[in-house]
Amino acid sequence: MEAETFELGVRDEAELTLSIDGWEGPLDLLLSLARVQKVDLAAISILELVEQYLAYISEARALKLEIAADYLVMAAWLAYLKSCLLLPKDPEADPSAEEIALRLQMRLQRLDAMREAGARLIGRDRIGRDVFVRGAPEGLRLVRKSAWQARPFDLFAAYGSVKARSTPPLHVVHPRSVMTLEEALERVGRMLGTRLDWTLLEAFLPLTEDPQFRRSALASSFVAALELARLGRVDIAQDEPFGPLMVKTS
Amino acid sequence: MDEFGLDEFTRAVEATLFASANPLSLDEIADYAGEGEVAEALARLAEHYAGHGIELVERGGRWHFQTAPDLAHLLRRTREEPRRLSRAATETLAIIAYHEPVSRAEIEAIRGVQISKGTLDVLMDAGWVRPAGRREGPGRPLLYATTAEFLSHFGLGSRRDLPGIDDLKAAGLLDPIDEGSFQLQLESEGEED
Amino acid sequence: MDEFGLDEFTRAVEATLFASANPLSLDEIADYAGEGEVAEALARLAEHYAGHGIELVERGGRWHFQTAPDLAHLLRRTREEPRRLSRAATETLAIIAYHEPVSRAEIEAIRGVQISKGTLDVLMDAGWVRPAGRREGPGRPLLYATTAEFLSHFGLGSRRDLPGIDDLKAAGLLDPIDEGSFQLQLESEGEED
């Protein structure tokens, strides 16, 4: 393939013109023209190369050959580059014409290097062409098997966990010291028989050290007093909100 | 012969046989390897490869290389990779062990969670659980039970050695467990391996 | 060593490599051949096979046996290449190999033409080129790189063995391509397909 390119490059111009479709783009054409100029791309004259390209394109146009747009774009760009290279140096220009020319040269070198590398790669001892692997390998198979691991503790803990989860919850209410309403009614009713005058509700409570029982007794006795008042057996009086509750027989 | 390398013709025969997709007859070998005494080259190669991992063999007048028969087991290698049983699988195994023979529906009823098909597969793959017939009755459900391998893996003489409910209670394993923290614990154990 | 036969482990490595349909890494060899020093066994085998019609080679960290290159003329049945690459595909493959990882736009910048759709497909279908992630940056372009199969097919131990890569690197011809600095209006070619 490399040889083919080179060959095209050294043909006379008429023939080159006719084979315009054979190029893989303007860069390919430029590289082929450069190849004619010198083998060492690092030493080619960009100005000469530009002139060759422009001559090539103008000849193709003279022969009324169809030229793809990108070749013409490249021609315009190279014509511009040429004028920059010929004109006195413009110190303002950035990049300078020389720098652009150098980049074009580098670009051609890059493409050329890859073209040659490709040819060398293709020419290596390749499997299936120059060297051969075993024709009938038996093939390998690796079967991965899981070695499952669990400790006895894991097993027992899991069962415990299942059991703990699935056993219906049993609610046990611990016995608490309370005075029921019935007890309070009986007690307050009985005590009212002996006390006639206004008496503090608390006076009806039994003596106890148990604060929980005392609270229960107070609540039950209060409700019992309300019940007795509803039945018309007692009167209840309170002078102010949250003031002491007084009870007396009706 | 080896120490001095193989002669050119024997090399050619060796390469031909190696690259061929089929066993080759003497004539076919000669087609490739060119001028030479094929039979002699084969004899040299056979001698050379004696004791190697591959050998030159003749079958019905055709020759080929093959892996030495004593190494055939290498071609299909089984590798065991330790893997910790998932929590679902561990619970399922425990339920089977305590309640066997037990159907899948019963396991799910006890766990309170559905079990995936994979869970029982894993336990059977591990060799700890086996199908144990069907229960006569509606649907004839398949039953599962543990294996002798299960007992030996968990160091149990028999299923009677499974700790009873009272033992579990005494060990604190029946206390209501904070599910969240238990799970975390199991997962962190899982990361160890 | 030969006269006394190969040791068991070296035999196992030999058999494994012979039986495998693909080049194997050291780890893969160890998976099959079992306990032993794989690297040492490979060194013994490589030495043993020197001068034979087949040889042991390393390509991109993976090992395989292949026929000796000097016997190519005997074994090549036809002059036909196994996979005849177009000039575009050859250049594209070279650019990917020498510049990897490289984007499509960079390949096009070097070649000065758009890559036709089929070119990269052919290289990927051959198993020589793979997508290699995306480059962080504008457009996040997809990158291409070569495969281990590329190395083994072209007989390269590693990418360092690419012909002339050191010289090209030294000459700056493999430097990252600054697409912006060279406005050739070549982008207009993109309209072709």
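These figures come from a predicted structure and were not determined experimentally. Throughout, a chain's letter reflects where its sequence line sits, starting with A, and its residues are numbered from 1.
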May I have the list of side-chain donor-acceptor pairs in residues 17-26 of chain C shorter than 3.5 Å, sequence neighbours left out?
residue : atom : partner : partner atom : Å
C:Ser20 : OG   : C:Asn22 : N            : 3.0
C:Ser20 : OG   : C:Asn22 : O            : 2.5
C:Ser25 : OG   : C:Glu28 : N            : 3.2
C:Ser25 : OG   : C:Glu28 : OE1          : 3.4

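Heavy-atom distances place no part of C:Ala89 under 4.5 Å from chain A, backbone and side chain included. Of the atoms belonging to C:Phe154, heavy atoms from both backbone and side chain fall under 4.5 Å from chain A. Using a 4.5 Å cut-off between heavy atoms, C:Thr16 touches chain A through backbone and side chain atoms alike.
With respect to A:Asp28 and C:Arg87, a salt bridge is recorded, a charged nitrogen being found less than 4.0 Å from a carboxylate O.
Contacts with chain A were tallied for C:His99, C:Glu91, C:His73, C:Glu55; C:Glu91 has the most, counting heavy-atom pairs under 4.5 Å. Per-residue heavy-atom pair counts under 4.5 Å with chain C were compared for A:Gly123, A:Ala117, A:Pro137, and the maximum is reached by A:Pro137. The greatest number of non-hydrogen atom pairs below 4.5 Å with chain A, out of C:Leu156, C:Asp70, C:Leu162, C:Leu168, is found for C:Leu156.
No donor-acceptor contact under 3.5 angstrom links the side chains of C:Arg130 and C:Thr147, judged on distance only. The closest side-chain donor-acceptor pair between A:Tyr56 and A:Glu51, if any, does not fall under 3.5 angstrom.
Residues satisfying the side chain to side chain contact (heavy atoms under 4.5 Å, CB included) criterion with A:Thr208, sequence neighbours excluded, are A:Asp210, A:Phe213, A:Arg214.
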